[in-house]
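Reading through the structure tokens given below for one structure.
By convention in this document, chain letters (A, B, ...) are assigned in the order of the sequence lines, proteins followed by strands, and residues within each chain are numbered from 1. Just the heavy atoms: all of them, side chains too, but no hydrogens, waters or symmetry mates, feed the values below.
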2 protein chains.
Amino acid sequence: MPKKNLSTRIREFIMTHIKDGTWPSGHKIPSESEMMKLFSASRMTVHRTVKEMAAQGHLFRERGRGTFVEKDVPRSELLNIGDIAEEIAERGGTYFSQLKFLDREPKSPLTTHVFGVHAGNIARSKVVHYENGNPLQLEDRWVNLDVVPHYLETDFALTTAHQLLMQAAPLQKAEHQLTAALPTQEQQDFLKVQANEPCLLLKRKTWSGDTIVSYAELLYPASRYSFGGVFTPGTK
Amino acid sequence: MPKKNLSTRIREFIMTHIKDGTWPSGHKIPSESEMMKLFSASRMTVHRTVKEMAAQGHLFRERGRGTFVEKDVPRSELLNIGDIAEEIAERGGTYFSQLKFLDREPKSPLTTHVFGVHAGNIARSKVVHYENGNPLQLEDRWVNLDVVPHYLETDFALTTAHQLLMQAAPLQKAEHQLTAALPTQEQQDFLKVQANEPCLLLKRKTWSGDTIVSYAELLYPASRYSFGGVFTPGTK
DNA sequence: TAGTGGTCTAGACCACGGT
DNA sequence: CCGTGGTCTAGACCACTAA
């Protein structure tokens, strides 16, 4: 049994009540002193955990009144490292994916630009992710085979690239750039959209330590997906 | 002299060294124990501050090695409440804006959807923000006149809507939705883009306490602007 | 082994809200 | 007034890195 942090246990305790509806939006959650007793924790630990959850938009706090459940955190929190399959499952949708392309990738200006001149072997995959039968995301991904040697032998019907990468290398950092684009002919076919349907294009580079693990371009039809988030002035 | 938090002073100490180039990207900053002495602070305080800055992408930390300056935080951090004028100024660009429309807004399905049925008087403004002479953002904004009564008398050559709103009501919460769209005819004219130029559309609702202060739709040509961010696994 | 950050404790004082 | 969260202290033990 892997021992979990106290703060992790507190966090999961709160998230469970939010997710299963026991604590609906706006509900007042137990005060810090109450949770100290519940978990035999010090106030600092409870406070730190709850404060972090507030910073992430799950809760909001008012001095003198208490801590409350924030209203629906929109679908996908940006700057979050998420598994699209998990995300769809959480929304209650049915998920499946289709592998469109998988091969070794030759050196090109793009690969050296992303992975640097010392780039070793690189694989490339294209996967379409469906929610309730509709294409939601086209994942065009370049993977560092030095870090994930068995990438080309993956059965993408069983595993998502995300799961594989998380397993191969603990993610330490991710860099995002979000822009908009019109789909190319191939992308239109894969996503089943018209040429004039604007799409969100999320470019994501992920690192483990000092080495780049993977670079991905994730394309979403704007009519089917959007990014959302809540900002509460945290640190100042 | 307003007294500042210890953590604020530590934060500013670090940020100053980063911004003025004393501590370039990748530079190792003083350890927690060193900063304890520098500020006569406890380790918890130093640790908390530095950890927060790491979570926000300014620093990264490695156990056993130290804390380092993160490489350039990309242009605009999403989920940030920023003033576009400030942002452009920080990049060293020249900024100016042009008021295209300003008037009282009649009740409509959209206004009641956003502001609720109890909506009072609402104003609407359209402003184009330029960087180095190029239209960067079209700001289409609805403002609650009960909160900001003098909005219609603003001189937008001198003040941005953002400054005005921050002044009128301390911002407590903002909700974002980010999607992509093609520009309408009017938007094409304002932003000087073609009909087939994909744009990023950021919808932002801001609250002060329980009342909605403003709703804005910010449109950026994708060729001129993108959102970026760094994620470092903070809490787990 | 010495130095680093990760987590936690058991106190403390303060500012604010509602009573 | 009491209960709430905001900040801070002065310790502690642990896990990891580098020499």
Side-chain angles (χ1 to χ4, degrees), chain A residues 2-14 26-56 58-70 169-173 208-211 232-236, chain B residues 2-14 23 26-56 58-70 170 172-173 208-210 232-236:
Chain A
K3 267 212 173 176
K4 288 181 180 175
N5 283 342
L6 228 189
S7 58
T8 305
R9 285 177 32 226
I10 297 174
R11 189 190 173 80
E12 288 174 350
F13 169 76
I14 298 172
H27 183 267
K28 183 170 185 298
I29 79 169
S31 71
E32 296 187 353
S33 59
E34 286 171 308
M35 291 207 275
M36 285 171 65
K37 291 168 203 158
L38 273 173
F39 290 91
S40 306
S42 77
R43 201 189 142 210
M44 271 302 292
T45 306
V46 174
H47 177 79
R48 174 169 51 82
T49 308
V50 175
K51 188 181 173 185
E52 281 171 359
M53 293 184 66
Q56 290 163 19
H58 298 292
L59 306 172
F60 65 96
R61 325 194 73 191
E62 288 181 34
R63 174 155 46 179
R65 297 215 317 127
T67 302
F68 307 84
V69 176
E70 183 58 271
L171 222 41
Q172 295 194 344
K173 200 169 55 181
S208 183
D210 287 333
T211 56
T232 337
T235 25
K236 182 23 201 326
Chain B
K3 265 212 171 176
K4 288 181 180 175
N5 282 344
L6 228 189
S7 59
T8 305
R9 291 200 289 122
I10 298 174
R11 189 191 174 81
E12 288 175 350
F13 169 77
I14 298 172
W23 295 347
H27 183 268
K28 183 173 184 299
I29 79 168
S31 72
E32 296 187 353
S33 59
E34 285 171 310
M35 291 208 276
M36 286 171 65
K37 291 168 202 156
L38 273 173
F39 291 92
S40 305
S42 78
R43 198 186 145 215
M44 272 301 293
T45 306
V46 175
H47 177 79
R48 174 169 52 81
T49 309
V50 176
K51 189 181 173 186
E52 281 172 0
M53 293 184 65
Q56 290 162 20
H58 299 291
L59 307 171
F60 66 95
R61 325 193 73 191
E62 288 181 34
R63 173 153 50 177
R65 298 217 317 128
T67 302
F68 307 84
V69 176
E70 182 58 272
Q172 295 194 345
K173 200 169 56 181
S208 183
D210 287 334
T232 336
T235 25
K236 177 32 199 321

> Whole-Å distance between D/dC13 P and A/Asn5 CG?
Replying inline: 18 Å
>> To the closest 0.5 Å, what do you measure between NZ (A/Lys51) and CZ (B/Arg48)?
In response: 5.0 Å
>> How long is the straight-line distance from CZ of A/Phe13 back to OG1 of A/Thr49, given to the nearest 0.5 Å?
In response: 12.5 Å
> D/dG5 C1' sits how many Å from A/Glu52 CD, rounded?
Replying inline: 16 Å
>> Rounded at 0.5 Å granularity, tell me how far CE in A/Met53 sits from CD1 in A/Ile29.
In response: 7.0 Å
>> Could you tell me how far apart A/Lys37 (NZ) and C/dA10 (P) are, to the nearest whole angstrom?
In response: 15 Å
> At what distance, to the nearest 0.5 angstrom, does NE2 of B/His47 lie from OG of B/Ser33?
Replying inline: 13.5 Å
>> Nearest to the B/His47 side chain among C/dG5, D/dC8, C/dA15, which nucleotide is it?
In response: C/dG5
> Nearest nucleotide by nearest heavy atom, which residue falls closer to the 5' end of DNA chain C, B/Met44 or B/Glu34?
Replying inline: B/Glu34
>> From CG of B/Leu59 over to C1' of C/dT4, roughly how many Å is that when rounded to an integer?
In response: 15 Å
> Among C/dT7, C/dC8, D/dG5, which nucleotide sits nearest the side chain of A/Ser31?
Replying inline: D/dG5
> From D/dG6, C/dC8, D/dC16, pick the nucleotide closest to the side chain of B/Arg63?
Replying inline: D/dC16
> Rounded to whole angstroms, how far apart are CE on B/Met35 and C1' on C/dG5?
Replying inline: 11 Å
> Does B/Thr67 place a side-chain N or O at less than 4.0 Å from the phosphate oxygens OP1/OP2 of C/dG5?
Replying inline: yes
> Out of C/dA12, C/dG6, D/dC8, which has the shortest distance to the side chain of B/Arg43?
Replying inline: C/dG6
>> I need the CD-P distance between B/Glu32 and D/dT17, as an integer number of Å.
In response: 16 Å
>> Any base atoms under 4.0 Å from A/Arg48, or only sugar-phosphate, or nothing? Heavy atoms, all strands.
In response: sugar-phosphate
> When we call it a touch if two heavy atoms are under 4.0 Å apart, what does A/Ser40 touch: a base, just sugar-phosphate, or nothing?
Replying inline: sugar-phosphate
>> Could you tell me how far apart B/Ile29 (CD1) and C/dT4 (P) are, to the nearest whole angstrom?
In response: 12 Å
>> Strictly below 4.0 Å: does A/Ser42 bring a side-chain N or O up to OP1 or OP2 of C/dG11?
In response: no
> Relative to each other, are the rings of B/Phe60 and B/Phe68 parallel, tilted or perpendicular (30° and 60° limits)?
Replying inline: parallel
>> Looking at B/Arg65, I'd like to know whether one of its side-chain N or O atoms comes within less than 4.0 Å of OP1 or OP2 on D/dA18.
In response: yes
> Is the phosphate of C/dT4, meaning OP1 or OP2, less than 4.0 Å from a side-chain N or O of B/Ser33?
Replying inline: yes
> What integer distance in Å separates B/Leu6:CG from D/dA10:P?
Replying inline: 11 Å
>> Using heavy-atom distances to pick each residue's nearest nucleotide on DNA chain C, tell me which of B/Arg61 and A/Thr45 is more 5'.
In response: B/Arg61
